[in-house]
Amino acid sequence: GSSTGSGAGQAGAATAGGIKKGLTVYFIPKDTQNPYEVLADQGGQKALAEVGGKVVVSSGTQDTATAQIPSIQAAIQAHAAAIVIAANDPSALCPSLNQASRAGIEIVSFDSDINCGGSPNHLFINQANTQQIGTSEVDLLAKQINSTGQIAILSAAASATNQNAWIGYMKQELAKYPNMKLVTTVYGNDDPATSLTVLQGLLSAYPDLKGIISPTTVGISTAAQYFDTHKDVAAKIVLTGLGLPSQMKSYVLDGTVKSFELWNPSNLGYLAGYAAASLASGSAGMQTGAAFKAGSLGSYQVAAPSGTTGPSVVLGPPTVFDASNISQFNF
Amino acid sequence: MTNPADTNARLVLTNATKSFGTVRALADGSITLYPGEAHALLGENGAGKSTLVKILAGVYRPDGGELRIDGVPVEFGGPAAARAAGVSIIYQEPSLFPDLTVAENIFTGRQPLGTLRRIDRRAMHRDANEIFARLGVRLDPAQPARGLSVADQQIVEIAKALSFNSQLLVMDEPTAALTTVEVLRLFEVMRTLRSHGAAVLFISHRLEEVFASCQRVTVMRDGRFVRTAPIEELTVDDVIRSMVGRDLATLFPKTVTAAGEPVLEVEKLSTAGVFDDISLTVRRGEIVALAGLVGAGRSEVARAIFGIDRRDSGTVRVHGRTLPNGDPLAAMAAGVALVPEDRRQQGLVMAMGVDQNVALASIRRLARFGLIRRAGERALASSWSARLRIKSGRLRDAVATLSGGNQQKVVLAKWLARDPALLIIDEPTRGIDVGTKAEVHRILDELVGDGLAILMISSELPEVLGMADRVLVLREGRLTGSFSRAAADETSIMRAATGQDAGAAA
Amino acid sequence: MTTDTAVRPVHRFESLLRARELGIAIVIVLVVAITAVRNANFLAAQSVQQLLSGAALVALLSVGETMVIITRNVDLSVGSTLGLSAYVVGDLFKYQHIPVLAGFAVGIVVGAVVGAVNGLVTTVLRVPSLVVTLAMLYVIRGVDGVIVNGHTIDPSAIPRAFTEVGYRTLFGVPWLAIIVLVVVAVAGYAMRSFRASRDLYAIGSNPEAAALAGIPAGRRVFTAFVISGTLAGLAGALFLALHAQVDNSGGLGYELTVVAAVVVGGVAIFGGSGTVVGAALGALLLNTINQALVASKVSSFWNMAVAGGLLLAAIAFDRWLSLRVARGLKSARGVHRDV
Amino acid sequence: MATRARRPHDDVNTDARRARWRSAARWEVGLVVVLIGVLVFGAAESPTFVDSSTFFYLGINVGYLAIMALPMTLIVMTGEIDLSVASILGLSGSVLGLLWHHGWSIVPAVVVALLVGALGGALNGILVAKAGLPSIAVTIGTLTLFRGLAEILLGSLTVPATGDRQFPAALTNIGVAPIPGTQLSYTTVIFLVLAVVCGVVLHATPLGRAMHAIGLQPEAAQFSGIRVRRIKFWLYVVSGVVCAFAGILLTLQNSSVSYGAGTGLELNVVAIVLFGGVSIFGGRGTVVGVVLSVAIFGALQMALTQLNVQPEIQNVITGALLLISVVVPNGGEAIGRLRERIKRK
Ligand SMILES: Nc1ncnc2c1ncn2[C@@H]1O[C@H](COP(=O)(O)OP(=O)(O)OP(=O)(O)O)[C@@H](O)[C@H]1O
Ligand SMILES: Nc1ncnc2c1ncn2[C@@H]1O[C@H](COP(=O)(O)OP(=O)(O)OP(=O)(O)O)[C@@H](O)[C@H]1O
Ligand SMILES: [Mg+2]
Ligand SMILES: [Mg+2]
């Protein structure tokens, strides 16, 4: 389900602020180096600063659940008010998060949800409605290759939760385009070198490829760089997916990539920060329809659980970037 | 005593001392070498000969003493420095680079260069061949050193030393692994070197070689200079007396005993390319010697019997029970012990203490409830090192710090501690001084007296003739002769070993 | 021994040595051929170029690694070094706008410094290099992380002229590949023809003997490490040129890939023997395998397993080969020297 | 011939040095001092360090690593190495997960997972001990192979997947609750028990003595009737089983598994073992040292995370510690040599 109160300005029935001062919120990104995550954390810091609390960013250097667990423990021992986590693994973190929850810490997941079968009960801050991301990317590509030809997906790690969820919806959406055929999905593990190798293999395996969707920032920028340097390929194949404007700008401006999408990661963190603070202050709950203010983003409502996703708040529809607007974004 | 001021001496070492931790390797190393002489350095195992050599080589820095070359005091910072000063060395243990070619081994760091300082391989091989010609051996300069037999390795070492054509040549037991003929050739070369005014320092435990090739002799005992004298003023007995500091019991104390029932029965033992159709029997209370030239495959026979190498065909029975193929543990259980040829690589764990080495083969017996009894281990070691008069610091000291002879005794102790029924012993006295040699022989004789069966591999005919009840001769992996103690003599054995008139060889 | 018994094994030995590189080359051809059958497109000029440029970086690293391993040492820090150099260069492009050539220079310097540290600790303190470089692997990656601090160098920050090295071709050969080929050729020739480089083999073949022979082992090993580091640094710059972006993860986990390539290339892991050409071919083989798997439409889930299996096969093959050599020698020595 | 087994230190002087510096006593004492230092630092700097839960968490975080370090210690003692440990951990976890996903009950699934570990170890063993291939190369190969197999098995699946039943709570409990009445995590106790076993075997039994001999001089060991190949083979099998066991523990601890579990941990394990004072050349080292090393790394990680020190810095510290651990023993010698050199000049 998608939230009615999506996007800024559109104020639903919002409770007036009432957020406690001096809250400590642990932000646990996938790792401390991923630029996307760093932007999100900064958003969170901004939010907490506005409500007179503070953010502790803690995680490992690599995207593994085991590297995040010590951070959760630290949060518990530090009696943090809330944990905002981007899960490297949907279930591996559940035991630790359950402990945190039992210790009275509010659990908020963002960017990549956990899947613990309802316990701990937590709020998922969704960058955009999962289904919407999947479908919109297919539509975006369909427009550019007028709905015909072979297409492939260049994803992150084979076990990456988000990407797998989105790919699931992409496949559903593809049913609408009988002439578009998904030939394969390859995994670049969010490593430029690997991404490049699999991309090259992809190209020689499917000479008639018309389009590639890469729902991960590393994947799309690697592919874009390759296209940029092999115009003949770029001429035949359309590339789209999820990317950071800062990384993609040059490719969009020189026409290598027509359009791709993303949301504003720092807004995502900002929203997560407010959600966590509100939950911790008891000024908002997780029940469907519960609303809270998210500073400059306006106010949001908790969307009803659907499928595997529990109570969630949706940041808003992803922004589509193209030559016309890309220069306006700084992330 | 040496006189540092001696002007026409090529090398003068005076009162050199060297200690390793507690071990005093060298208490007073003194020697004078004159141009054009071959000078023998003699002494028991552990007398300090190699240590002295390593000081001349710049491997060790002496704790005290003075070294002069051509009258000038020198201090070597390392082997390179010694080499630069014109000292070239043949070390006791061959030190080749298995992955490099024979020629590269000879010319390491001194390869002839072509344009742009590139190595000129053709020239290098040519030079190598010249040296081999001088030594009268044929080795391919282009073949890798890996796989060279012990003897061939020694040849390459000698060639390396000669390639410096330096005025000072030091040879630490170069002949240990050589055949008679090669030894004779080496003496030729020494003679030519001397005629060009080079000084040669020659170390060997084979006194006959010393008397055949050297003009002067320096004797050391317990790390101290004992005496230097011209060879003609000395008899073998003088030398031995000053080496061991006492009169020596006979070298081959052989008491002939009646052989009992067969302990080891080998039938039609064969391994492709190494040995073929070997059948032999060793009885209780007898020593059977395996004679032959180095490289004849005797060690391989021993290894196959003990189970280190798998045999292609044939059977090995001990006390009538057939031994499984390639299983040393089973052989040991059946009462077989093997004192291998290469004590540093095969006989001992160099970094372990004397005690642990002695106990290594009996360790299971020393365990109670699966746990090793350290006390029992130490007791075993100390009793055996007493019985064999092993010269070592503390029993805990790494055997690496023992001299060759004492190391050999440790290996013996390790196997005798299992009181085996059959002792296979490969080159029991290679590189061992006369004193220890006599002891080892005495020990072997006692053991046989107590009913042990011994299969002895030896390249030294006197030893074979002196100790064996029966002599088997191996040539190119085949049994080519079998002699009773009475029938065995040098000529017939050499003939069997070489397959030609031994007159040429002996 | 008689000349013929001596000579025969030698020729066999050398021919086998040559066959060592040849063997890998053949395997590569086989992999390509088999793949081409399933997908003719695999032979297209483009994919051949990709095979070369894809292998280039690891090949470059394996050259330095070979020199180190030949001395009976190992350098596990190459991956981290590559990452550090790549980011530093990118950072200077982004904020200092340094000229293109300076970019390469910086990369090389960064690498050389790391190599020097590895070399010093290993030789002066006589510490097993595996431990030293394992530690450096962590230290450098950590330092890199501190510098990177969650930022990323994106294409817009990098001069076009620099990234062109990553994709421009000369007579259809990618510049990247040309640079690496030159390095391999030079290194390969040097390793055969100069005293210093033969010393490397000697040291790895028998350290004690090397000391007795008066070889300046410390200096030689140090040099090997510096070269390895330098090449890793250069590889870092090329990494940036190729991908036009880098964050903290540049070269993550390369160390084992490189060692694998070197081993597959027939370099003895315990030193003394092997050639840089072989190692480079090893790198090419590994990359060829990876791309062949995707190109022949094998589910990408299979890549790793197959790559691992082939790696083991290569090692076993190498063993079999050297056993043949040994046997050749032994049988040749079966006859005792004539007296 | 004068080829040395790949071991610089049968040169007597090197030996003397190592014997002196690497002598267990000194080494373990040093580690104890470091450990105390870390604990004091933690207690002083981090308000939550002395919290009773710290010890439990420590067990959770390093328990499975520590368990893998034990067989690694034995293998390194014999002069070999096993870089495939983390991949075996991942593979056995994946097998467990897959079988669970397909509705197996836990016990047979665990048994099969252990069996797979044994097979993986056996493969290493055959290639290293029987075929005589260099273990570092072989286990890099199997590292890739086993991880690849795990990927084939689970692919993009994370178990328990949506709709799957959860792993039995009684077992996954080890990840959240200490042993009743204590602050010990189950992994800690399992590790300590295994450590004692390893220690006794290595230091007090003929088998352990054999391992020392093999590590120091394989040929001499063989000539003493030690079954070198057999011992090495079984060590790899044991390593396989133990790492599989660690994989199962990790899976239950996280109550989930995906094929990437434990990727890249092999080098951490090696680092722990080496820091524990085990010589990479084999033949020297103690289990006590490794236990201390585990404690140091674990405690340090806790303290630094609590203090919210950048993980990058933590990497630097890990590496620095490892460096120091080898530099200190050799430093004195080096200075001595330098002085010599200067004297000569
Ligand atoms: N590196 C060392 N460390 C400790 N002790 C040593 C070392 N080298 C030699 N020794 C001791 O010094 C003494 C002399 O040894 P050396 O090798 O010089 O005797 P040697 O005369 O060469 O005996 P051999 O005839 O058996 O070769 C021996 O007791 C030996 O144990
Ligand atoms: N390192 C080696 N590589 C290859 N073949 C060898 C090697 N050493 C010896 N051989 C061959 O193996 C056989 C046995 O050699 P070895 O020198 O051990 O004979 P041996 O009779 O034991 O000599 P000894 O016992 O007097 O040293 C011979 O055929 C020899 O040519
Ligand atoms: Mg000596
Ligand atoms: Mg022999």
Side-chain angles (χ1 to χ4, degrees), chain A residues 24 26-27 31-33 55-79 87-100 102-103 114-117 119 155-161 163-165 167-168 185 187 189 307-309, chain D residues 46-49 51-54 56-58 60-62 64-65 151 154-167 169 172-177 250-265 298 301-315:
Chain A
T24 302
Y26 265 66
F27 265 65
D31 67 67
T32 57
Q33 291 292 346
V55 162
V56 176
V57 179
S58 174
S59 186
T61 50
Q62 280 163 48
D63 295 9
T64 67
T66 39
Q68 289 181 299
I69 289 174
S71 301
I72 299 175
Q73 296 164 345
I76 298 173
Q77 293 187 312
H79 306 298
N88 281 323
D89 182 301
S91 346
L93 297 167
C94 301
S96 316
L97 288 174
N98 266 310
Q99 285 180 295
R102 263 189 252 100
I114 51 173
N115 173 10
C116 303
S119 138
S155 182
S159 52
T161 327
Q163 277 75 10
N164 289 337
I167 292 173
T185 304
Y187 301 92
N189 301 334
T308 64
T309 324
Chain D
S46 159
T48 54
F49 189 75
D51 183 325
S52 63
S53 55
T54 297
F56 168 65
Y57 289 151
L58 193 153
I60 294 285
N61 298 343
V62 298
Y64 60 98
L65 260 182
E151 186 174 3
L154 283 192
S156 55
L157 184 66
T158 296
V159 181
T162 324
D164 278 1
R165 60 215 159 111
Q166 297 293 319
F167 287 106
T172 54
N173 202 22
I174 68 170
V176 292
L250 183 61
T251 305
L252 296 174
Q253 195 168 286
N254 295 344
S255 68
S256 90
V257 61
S258 56
Y259 79 86
T263 304
L265 289 184
Q301 185 200 25
M302 285 307 289
L304 294 178
T305 314
Q306 290 173 349
L307 294 167
N308 197 40
V309 175
Q310 263 179 294
E312 294 76 22
I313 306 277
Q314 299 190 22
N315 270 348

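Note that this is a predicted model, so its numbers are computed, not measured. Lettering of chains follows the sequences in order, A, B, ..., and the numbering in each one begins at 1.
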Which atom names give the shortest non-hydrogen contact between [X] and [Y], and what distance separates them?
X	Y	result
D/S255	A/P95	OG-CG, 3.5 Å
D/S256	A/D89	OG-OD1, 3.6 Å
D/Q301	A/P70	NE2-CG, 3.8 Å

Under the criterion side chain to side chain contact (heavy atoms under 4.5 Å, CB included), I'd like the reasoning laid out for D/N315 against A/T61: C-alpha separation, chi angles, the key distance, then a yes or no.
CA-CA 9 Å; D/N315 270 348; A/T61 50; 4.0 Å; yes
How long is the straight-line distance from [atom2] of [Y] back to [atom1] of [X], given to the nearest 0.5 Å?
X	Y	atom1	atom2	value
A/Q73	D/T48	CD	OG1	11.0 Å
D/Y57	A/Q99	OH	CD	4.5 Å
D/Q166	A/C116	CD	SG	8.0 Å
D/N254	A/T66	CG	OG1	7.0 Å
D/L157	A/N164	CG	CG	9.5 Å

Going by distance alone, is a donor N or O of one side chain under 3.5 Å from an acceptor N or O of the other, for D/S53 and A/Q77?
yes
What part of [X] lies closer than 4.5 angstrom to a heavy atom of chain A: side chain, backbone, both or neither?
X	answer
D/T251	neither
D/F49	neither
D/L58	neither
D/L154	neither
D/F167	neither

Below 4.5 Å, heavy atoms only, C-beta onward: do [X] and [Y] meet side chain to side chain?
X	Y	answer
D/T263	A/Q62	no
A/N98	D/V176	no
D/T158	A/S91	yes
D/E312	A/T32	yes

Side chain / backbone / both / neither for [X] at chain D, heavy atoms under 4.5 Å:
X	value
A/S155	neither
A/T64	neither
A/P90	side chain

